[in-house]
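Structure first, then comments.
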Amino acid sequence: MKMTQQFGRTLREAPADADIASHQLLIRAGYIRRLASGIYAWLPLGQRVLSKVADIVRAEMDASGGQEITLPIAQPLELWARTGRDQTYGPLMFRMEDRKGAGFCLSPTAEEAITAVVAGESLSYRDLPVNLYQINWKYRDELRPRFGLLRAREFLMKDAYSFHVDNDDLSVTYQKMFSAYCRIFDQCSLTYRAVEAQAGEIGGEVNHEFMAAAVVGEDDFVWCRKCDYAANIEAAQRQSVPNSKTQEKVSDPEIVNTPGLTSIDDVAAHLDVGPSDLLKCIAFDIDGDLGLAVIPGDREVNEYALIQALAPRSVRLFDDEDFVAHPDVFKGYLGPDFSGASIVVADSAVAEGTSWITGANAVNQHRLNVCVGRDFLVSKWIDLAVAANGDPCPRCGEPLSVDRGIEIGHVFQLGTKYSEALEANYVDESGTPQPMVMGCYGIGVSRIVSAVVEEHHDENGICWPAALAPYDVHLVVLPGRAKTPEQIALSEEVERAGEELYRVMTEAGISVLFDDRDVSPGVKFADADLLGMPVRLTLGAKGFARGVVERLDRATGEERELALADDILSVALTELRLAILAGAA
RNA sequence: CGGGCUGUGGCGCAGCUUGGUUAGCGCGUCGGUCUGGGGGACCGAAGGUCGCGGGUUCGAGUCCCGCCAGCCCGACCA
């Protein structure tokens, strides 16, 4: 493609609302343009990248038993009402009405649609398993769209759904999808981890998120650099942390006045101790009863661990209304011995023989030297605290690190939730209808484009991995401007040689972005850096006179010269191709 | 949902406090001259419902009210 013909220009400055590198660079380089909050147009360069990601995904899905389909984006709300998700999705769904007033939504995901389609085919055990996928636009009216393509309201997603006779069969496909995902993200040159995710209300099922490590990510996950254990922060485990405060004898409890000090930090500062010397007591509503979650003051409660530990009871953090309804529960002065608590769940670090500072269950008072067994009882011990940087890895004991990540994929064993609601049954060997067992597998295709730029850029622009770059080579021709007849002749010769090189490379199957614009060298180089093709070839008057073209590796900055044959046409195409793409001297 | 900030040619901004003729600047765009290996210089030009609506005033980009849009922070860890 010649740049004189290409639509989309570069910007020297990014729009004020672009605040992360990938967002700024994709707009500055002319890959995308914003049309509305969280909604973007894909210009020619961006479209090529998006297509490349989609092609990689498609190839791996096809190779793993997937069959591509396309489901409607406009979906009847009636379908969503059958699973109740028209309610649970709530305002996250874009909704609309047809001329008769019937409700529709723009698909935020497609479990209902695919399950309805499969249900209509009257399948038997002989037809299963089936694995269907689509690469299609999804719509979520996010509370706060931000970070450009990372949290957009319109995004391209690959969603696959598999249907099985039982869980064992589902596991086979799940494993296939899992390894296909690894190959896809490897090809995208992303640094990622498959993390054990929170099981959620479905419970017990396997469930993995794929996280691309990135400081701008919106999710935390733990990652052991030693043994590679990785988990979503909510599902993360850790080895029990030994508590250094174990004492042989603990003094008697003692009341201290802490007027107006309702936070851990305030109390700790007032008493000149560390937050870890305090005990944090958090009130929960557990099936209508009051429950306390008890952890060291420097920790945070892992609500999901609590939910799992108390399942199937429902667990809900106390809100303002709850505190109004329980006037004897003093927010900020709760202690683990509160008489109104029917269940006390404590973190294992709150071990016997340790003493703590806690709320005294009285306004403006705390108590010193409170210890388990003597002063309060614990009804359930679990690992209740959210894992933190430096906690020992549950597998190898080495310190865990907490990293931020971008969720780029999620594989999930759904079970029969949707097949039962939408009566997606198969008939078994005995002719009896059974609900199909389902799995679903998502990849954020447009989000990957952004995640890749986050990982592969420098201060000058994007550095595309070869597999995703819109073009293999950025050809910069610098004919110069000259006065003397000799100089003019050389200049014209360089221009001709550039055209020739462009043609020859294209014929050799190399995709080339050819900067044939009449602009200064500085502009061409700056744009080449910004646009980020993996290889830049520079054909200038000086190099041409010496019979060379310069090759620059965008990512490494490595430069070398490639010899031009007297007649460019005579260069063996395969050799040229290798030399240009691989950088052979 | 709460708080804060912003809205002025395609992009980035100034002007608003203290109302006053023709609304400026940089980048970009178009024409020209020069320049030609890291966003070069100069000359000229086009391009604006100052977010929308109402109000105050002789007069509103500027003050007041309402609305819309966008951005940032927070949204129960006691």
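Order of the sequence lines fixes the chain letters, A, B, ..., with proteins taken first and strands second; residue numbering starts at 1 for each chain.
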Base, sugar-phosphate alone, or nothing: which one does A:Gly540 contact when heavy atoms must sit under 4.0 Å apart? base
Hunt down the Watson-Crick or G-U wobble partner of B:rC77, both distances under 3.5 Å, from any strand shown, or write none. none
Within 6.0 angstrom of A:Asp272 CG, more than 12 heavy atoms from elsewhere: no
Indicate, with a heavy-atom threshold strictly under 4.0 Å, whether A:Ile27 touches base, sugar-phosphate, or nothing. nothing
For A:Val519, is there any backbone N or O sitting under 3.5 Å from a side-chain donor or acceptor partner on A:Lys524? no
Output the rounded distance in Å from CZ (A:Arg9) to P (B:rC27). 15 Å
Name the closest nucleotide to the A:Leu317 side chain, picking from B:rG38, B:rG37, B:rC76. B:rC76
Rounded to the nearest 0.5 Å, how far apart are OG1 of A:Thr358 and CZ of A:Phe338? 12.5 Å
5'-most by nearest nucleotide on RNA chain B - A:Leu261 or A:Leu552: A:Leu552
Pair A:Arg554, A:Asp458 - check salt bridge (charged side-chain N to carboxylate O under 4.0 Å, His left out), show working. CA-CA 10 Å; A:Arg554 175 66 183 90; A:Asp458 61 23; 2.8 Å; yes
Side-chain N or O of A:Arg144 versus OP1/OP2 of B:rG74: is the shortest distance under 4.0 Å? no
State which of B:rC77, B:rC71, B:rG38 makes the closest approach to the side chain of A:Lys280. B:rC77
Can you tell me if A:Ser37 touches the phosphate of B:rC71, counting only side-chain N or O atoms and a distance under 4.0 Å to OP1 or OP2? yes
Please work out if A:Val476 contacts a base, only the sugar-phosphate, or nothing of the nucleic acid, heavy-atom cut-off 4.0 Å. nothing
Would you indicate what A:Ala14 reaches in the nucleic acid, counting non-hydrogen atoms under 4.0 angstrom: base, sugar-phosphate, or nothing? sugar-phosphate
Quote, to the nearest angstrom, the C1' distance that separates B:rG26 from B:rG9. 13 Å
Test: A:Arg447 cationic atom under 6.0 Å from A:Phe155 six-membered ring centre, within 45° of axis: no
How long is the line joining CG of A:Leu530 and C1' of B:rC11, in whole Å? 14 Å
Figure out the CG/P separation between A:Leu92 and B:rC1, and round it to whole Å. 15 Å
Interatomic distance, A:Asp518 CG vs B:rC34 C1' [rounded to whole Å]: 13 Å
May I ask you to verify if any side-chain N or O of A:Arg12 is less than 4.0 angstrom from the OP1 or OP2 atom of B:rG39? no
Categorize A:Gln487 for me: base, sugar-phosphate, or nothing, with a 4.0 angstrom heavy-atom threshold over every strand shown. nothing
Looking only at B:rG37, B:rC77, B:rG39, the nucleotide nearest the A:Glu303 side chain is B:rC77
Do the ring planes of A:Phe323 and A:Phe318 sit parallel (below 30°), tilted (30 to 60°) or perpendicular (above 60°)? perpendicular
Classify the nucleic acid contact of A:Phe330 as base, sugar-phosphate or nothing, counting any heavy atom under 4.0 Å across all strands shown. nothing
Does the base of B:rG39 carry an N or O that pairs as donor and acceptor with the side chain of A:Arg28 under 3.5 Å? yes
Expressed in angstrom and rounded to an integer, what is the separation of A:Leu11 atom CG from B:rG28 atom P? 11 Å
Spacing between A:Arg146 atom CZ and B:rC5 atom P, to the nearest angstrom: 20 Å
Pairwise C1' distance, B:rU18 and B:rA75 [rounded to whole Å]: 39 Å
Rounded to whole Å, the CG-P distance (A:Leu306 to B:rC77) equals 16 Å
Kindly point out which of B:rG39, B:rG12, B:rC77 is positioned nearest to the side chain of A:Glu300? B:rC77
Would you check if the distance from the ring center of A:Tyr31 to the ring center of A:Trp464 is below 6.0 Å? yes
Rounded to whole Å, the CD-C1' distance (A:Glu559 to B:rG37) equals 11 Å
How do A:Phe284 and A:Gly38 order along RNA chain B: which one's closest nucleotide is nearer the 5' end? A:Gly38
P atoms of B:rC63 and B:rG19, separation to the nearest Å: 9 Å
Inter-nucleotide C1' distance (B:rA60, B:rG54), Å rounded: 13 Å
Would you kindly check whether a donor in the side chain of A:Glu13 faces an acceptor in the base of B:rG28, or vice versa, at under 3.5 angstrom? no
